[in-house]
There are 2 protein chains.
Amino acid sequence: MSHQTPGRSQRQTQQRDAIWQAFKASGRPMSPAEIHEHAQQAVPGLGMATVYRNLRKLEREERIVPVHVPGEPDRYETAKAAEAHHHHFHCEVCGKVYDITGCPGGLADLLPKGFELTAHEISMRGRCEACSLASE
Amino acid sequence: MSHQTPGRSQRQTQQRDAIWQAFKASGRPMSPAEIHEHAQQAVPGLGMATVYRNLRKLEREERIVPVHVPGEPDRYETAKAAEAHHHHFHCEVCGKVYDITGCPGGLADLLPKGFELTAHEISMRGRCEACSLASE
DNA sequence: CTAGTTGCAAAGCATTTGCCTGTGG
DNA sequence: CCACAGGCAAATGCTTTGCAACTAG
C-alpha cells in the first residue's frame, strides 16, 4: 500500500465524471434523482445503481457530504462547499435547498451537564426570495 | 358533519392505547420499531402495520410530531413535548435521542435578503452524559 | 491484458395498502 | 349490530447487491 489519501478514485469513467459534473454545475445540494437526471444528459444509458455507487464512493473519499433535509430524501453537496461551516434552507414552495453561511453558535450552552457536542446541523424552512415575491 | 376537531380517534382499542402508552412511558422521541417493540409487550400480536397506521393517525390528529434525525429513521414524540420549543441531541454512542430545551435564536439574520423563515430544526450530535463518562 | 466499473435485474428494507376478520360502543 | 380497527401479506418506493459484459490504463 503506497498511498493512503482518501481522494483516490481508481478509474476515470465518463459516468463518474458526468456525476461529478452534476455537482459542480448545480452549486447546491442535489438528491440522487436530481444527479441521475442531470448526469443522464451527458451519459444516456446511465443507471440509477451507478449513481448510488458513485455517491457512496465519493462520500467515502470525502469529496461529497450528505445533507439531511427533514422529511426529504438525502441530498449531497461537494466537500468544498461544506468546508465553510454553513447550514441549509429548504424552500417549501419550490423545493430547492440553499446553502446558508453562518451559524448562530452557542449551542453547547443548551446541553445538559456532561453532554459533549461533536457536530450539529440546522435546517431552516420557509420561502426563498423568488417564491416569497411570487406569493405576495 | 358535527365535529371537526383534530383530536378525534374514533375508537379506543388496546393496541391504540398500548402505542400511546409507549410514548408516555419513554419520555423521548421513539422510532416506529421502538414503539412496536414496547407496545408489543402489552399487546403480543401487535403488527407493524398497526403501529404505522396509528402513528399516521396520531400525527394527523396532531397528538404526535415527527422528529427527523440526520441519517436515522424518523422518530416521533408527543405534541405536548413539542409545544415547548426545543431541539434534539442524538448520542452517537448509545443512539438515544434527547430533547434539548432552548434555542440559540438569531437564525433569521443568517438568511439572504428576501428569504422568509417559517420553521427550523436543530440536530446536535455527540455523547450524552452516560456515554461521555464511560469513554473517558 | 486485468481489474475496476457499469447495467440490468433481483434482493433488501422500511413503510403503505388491500382485504377479510375481529370488536368496541 | 356494524362501521372502525387490526392482522397478515402483498405492494411500494428507494437503495444496495450479484453478475456478466465492458473499458480505462
Side-chain angles (χ1 to χ4, degrees), chain A residues 1-3 5-22 29-61 63-76 95 97, chain B residues 1-3 5-22 29-61 63-76 95 97:
Chain A
M1 51 192 89
S2 49
H3 33 234
T5 27
R8 21 162 287 293
S9 29
Q10 326 241 20
R11 199 178 287 182
Q12 183 69 11
T13 67
Q14 52 175 339
Q15 290 81 340
R16 187 174 182 67
D17 199 50
I19 288 169
W20 182 246
Q21 289 310 316
M30 305 273 278
S31 67
E34 287 175 314
I35 299 284
H36 182 232
E37 198 175 347
H38 186 122
Q40 218 165 26
Q41 293 172 21
V43 184
L46 202 166
M48 207 49 169
T50 300
V51 172
Y52 278 107
R53 260 190 291 240
N54 276 292
L55 286 178
R56 290 216 299 132
K57 191 171 301 186
L58 286 167
E59 199 180 347
R60 278 203 308 277
E61 294 167 3
R63 299 219 283 149
I64 61 175
V65 294
V67 173
H68 306 286
V69 182
E72 291 273 313
D74 280 5
R75 322 254 168 148
Y76 294 86
V97 173
Chain B
M1 53 193 91
S2 49
H3 33 234
T5 27
R8 297 234 11 63
S9 28
Q10 325 241 16
R11 198 178 289 184
Q12 182 69 10
T13 67
Q14 53 175 339
Q15 291 81 342
R16 186 175 182 67
D17 199 50
I19 289 168
W20 182 246
Q21 289 311 316
M30 304 274 279
S31 67
E34 286 175 313
I35 299 284
H36 182 231
E37 198 173 346
H38 186 122
Q40 217 165 27
Q41 293 172 20
V43 185
L46 202 166
M48 206 50 169
T50 300
V51 172
Y52 278 107
R53 260 191 288 241
N54 275 291
L55 286 178
R56 290 214 299 133
K57 193 171 301 186
L58 287 167
E59 199 180 347
R60 277 203 309 276
E61 294 167 4
R63 299 220 282 150
I64 61 175
V65 295
V67 174
H68 307 286
V69 181
E72 291 273 313
D74 280 5
R75 323 253 168 148
Y76 295 85
V97 173

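Numbered from 1 within each chain, the chains take letters A, B, ... in sequence-line order. Below, all heavy atoms of this structure are taken into account, side chains as well, without hydrogens, waters or symmetry copies.
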How many Å lie between NE2 on A/His36 and C1' on C/dT6, as a whole number? 12 Å

Output one letter per nucleotide in nucleotides 16-25 of chain C: B when a protein non-hydrogen atom lies under 4.0 Å from the base, S when only the sugar-phosphate is that close, - when neither is. BBB---BBBS

Looking at B/Lys57, I'd like to know whether one of its side-chain N or O atoms comes within less than 4.0 Å of OP1 or OP2 on D/dC4. no

Could you list all the salt bridge (Lys or Arg N to Asp or Glu O under 4.0 Å) pairs where at least one residue sits in residues 38-54 of chain A, not counting sequence neighbours? none

5'-most by nearest nucleotide on DNA chain C - A/Ile19 or B/Pro32: A/Ile19

What is the distance, to the nearest angstrom, from the CZ atom on A/Arg60 to the P atom on C/dG4? 13 Å

Please list every donor-acceptor pair under 3.5 Å in which a side-chain atom of residues 42-51 of chain B meets a protein atom from a residue at least two apart or in another chain.
none

A/Asp17 has an atom CG; how far is it from atom C1' of D/dA24, in whole Å? 13 Å

Does B/Pro66 have any side chain to side chain contact (heavy atoms under 4.5 Å, CB included) partners at least two apart in sequence or in another chain, and if so, which? B/Glu59, B/His68, B/Tyr76

Atom CZ of A/Arg16 and atom P of D/dT23: how far apart are they, to the nearest Å? 18 Å

In Å and rounded to the nearest 0.5 Å, what is the CG to CD1 distance from A/Asn54 to A/Ile35? 10.5 Å

A/Glu59 has an atom CD; how far is it from atom C1' of D/dT16, in whole Å? 14 Å

Rounded to whole Å, how long is the line connecting atom CG of A/Leu46 with atom C1' of C/dT6? 9 Å

Under the salt bridge (charged side-chain N to carboxylate O under 4.0 Å, His left out) test, residues paired with B/Arg75 that sit two or more places apart: B/Glu34, B/Glu72

State which residues pass side chain to side chain contact (heavy atoms under 4.5 Å, CB included) with A/Gln21; sequence neighbours excluded, sorted by chain then number. A/Asp17, A/Lys24

Output the rounded distance in Å from CG (A/Asn54) to C1' (D/dT17). 15 Å

Figure out the CG/P separation between B/Leu58 and D/dG6, and round it to whole Å. 10 Å

